[in-house]
Amino acid sequence: MAGDDVVVVGAGAAGLATAIFLRRANPSRSVIVLDGAKKPGAKIVISGGSRCNVTNINVTERDFWGGRSTIVRRILRAFPVDETIAFFREIGVPLHEEGDGKLFPDSNRSRDVLDALLRELSRVGGELRPNRRVVDVVADDEEFAVATTSGDLRAGAVVLATGGKSLPKTGSDGGGLEIARRLGHTIVPTTPALAPLLLADDDAMHRELTGVAHDVELAIRVDGTIAIRLAGAMLWTHFGVSGPVALNASRHWLRAAMDGHAATVTVSFHPGRDFADVDGEWTRLASDHPRMTVHTALARFVPASVASALLRTLRRSVLDTREGHGPSASARGGGAPRETEMDKSTPLAHFARDDRRRLVRALVEWPLPITGTRGYGFAEATAGGIDLTEIDPATMESRVRPGLYLVGEMLDVDGRIGGFNFQWAWCTGRVAGKALASGAART
Ligand SMILES: Cc1cc2nc3c(=O)[nH]c(=O)nc-3n(C[C@H](O)[C@H](O)[C@H](O)COP(=O)(O)OP(=O)(O)OC[C@H]3O[C@@H](n4cnc5c(N)ncnc54)[C@H](O)[C@@H]3O)c2cc1C
């Protein structure tokens, strides 16, 4: 193999995109794509509930967290969404839009996305070598030595596209990050991202609400100050909470905890509204519908099962407070509850002001007793990774090691739910592919 050739390590979304765009722009530059998996592209196949949320109709740097947003913006602008849509149409995968701007293949089959990418790679003359895990990449003066589980290669340029650490059974286990570290790169400490949240076991609410989903707003406080608010659907599960908003929140909670800060998360069941606003609505409701029960009123805003669970938990906590116990005492079954107005059948006309305000406070700031996340085994992405300032955003070439290119999830960028992580893979692959085609690599 000649020193002009390009070796791409990793045949996921970013690696395949890099090789395709390189060969499309320069068919005379040879490219070999190595992957440790027997059948590469596993993440594409399982993505989006096996439908693959390929991208989003609106993509900006604000949809991503991690490295500097000016760098992210520059890379995103190099391959706008309309060009992504056109690319997929060209390779036989027309896309359609669904809720929140998510774009899926018309066939609703993620397999079709992977097959089309592999077909295109073959059409443009890129060579895929599966079942070849790269164990190291060493740079010498002129070239790179790429050591694999079945023989070594030499290359004029190497693209690392090995993904992050999420779902390691797919082959993306962080080994590529270690190779990048050995090549001189700084790895911003990683945590799972887009991972379901675990809740404390003594809070039985999530168990009884398993399967119920509804819109909420989460406020993530770091050392007592709101760091970010996130809105969207939350799904109660047997272990805690999931759904887009919980998944998006996970990286913020984990990174604050990793940095040694106290991170807490509260739910607002009235997204976008504050205490005074919601209290005003409850006051008006009481005066307009004095005979309406607290439960019926609450069920106007949340599913009836959530209304029942909220009232029950709150009632227990009120009784505990009145009896001088900690809030969890009766939740564990201690003491028979005495009467309180915090009862589902209380008419609004009899709902004491203090109880109403307590309920409203709970509705806008319900604490989620998070104990952790389900980890990399269930995470859809990885936060942290290769420091973005160490790559040139015009080419994706390393500033540390000329001839080395870094793309996709292994970089310190993670997108929110909605097709953004794949768009990052396509964009970084496109930038690297074009740069390599125009001979930006050392030759
Ligand atoms: C369950 C799930 C659902 C998802 N759904 C969506 C979605 O619908 N929309 C969206 O935008 N994002 C989604 N994502 C995120 C998205 O899949 C990733 O962001 C994206 O696949 C990252 O692409 P990548 O090419 O950088 O890395 P990967 O897809 O992880 O690919 C890396 C490749 O490198 C190979 N590799 C790793 N190490 C080596 C090595 N040392 N030698 C050789 N090969 C190696 C791996 O085998 C793998 O094939 C989902 C993720 C998961 C886990």
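Whatever order the structure lists them in is the order used to number ligands and atoms, beginning at 1. Predicted model only: the values in this text are computed from it and were never measured.
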Given side chain to side chain donor-acceptor pair (under 3.5 Å), test T237 with H206 step by step and report yes or no. CA-CA 6 Å; T237 71; H206 58 273; over 6 Å; no
Starting from the C-alpha separation in whole Å, work towards a yes-or-no answer on salt bridge (Lys or Arg N to Asp or Glu O under 4.0 Å) for D140 and R154. CA-CA 10 Å; D140 59 31; R154 296 198 70 76; 2.3 Å; yes
Can you give me a line-by-line list of nitrogen or oxygen pairs between ligand 1 and the protein shorter than 3.5 Å?
from, atom 1, to, atom 2, distance (Å)
ligand 1, 5 (N), G48, N, 3.2
ligand 1, 8 (O), G48, N, 3.1
ligand 1, 8 (O), N53, N, 3.2
ligand 1, 9 (N), N53, O, 2.9
ligand 1, 11 (O), G419, O, 3.4
ligand 1, 11 (O), N421, N, 3.4
ligand 1, 11 (O), F422, N, 2.8
ligand 1, 19 (O), E409, OE1, 2.9
ligand 1, 25 (O), A13, N, 3.1
ligand 1, 25 (O), A14, N, 2.9
ligand 1, 26 (O), E409, N, 2.9
ligand 1, 30 (O), K43, NZ, 3.2
ligand 1, 30 (O), S172, OG, 2.6
ligand 1, 41 (N), V134, O, 2.9
ligand 1, 42 (N), V134, N, 2.8
ligand 1, 44 (N), G36, N, 3.0
ligand 1, 47 (O), D35, OD1, 2.7
ligand 1, 49 (O), D35, OD1, 3.4
ligand 1, 49 (O), D35, OD2, 2.6

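A cation-pi arrangement is absent between R416 and F64, since the terminal nitrogen or guanidinium carbon is not both under 6.0 Å from the aromatic centre and inside a 45° cone about the axis.
When the ring-ring contact (aromatic ring centres under 6.0 Å, His included) test is applied to H185, no partner is found at least two apart in sequence or on another chain.
Salt bridge D259/R255: absent, no basic N to carboxylate O contact under 4.0 Å.
Less than 6.0 angstrom separates the ring centroid of F422 from the ring centroid of W426.
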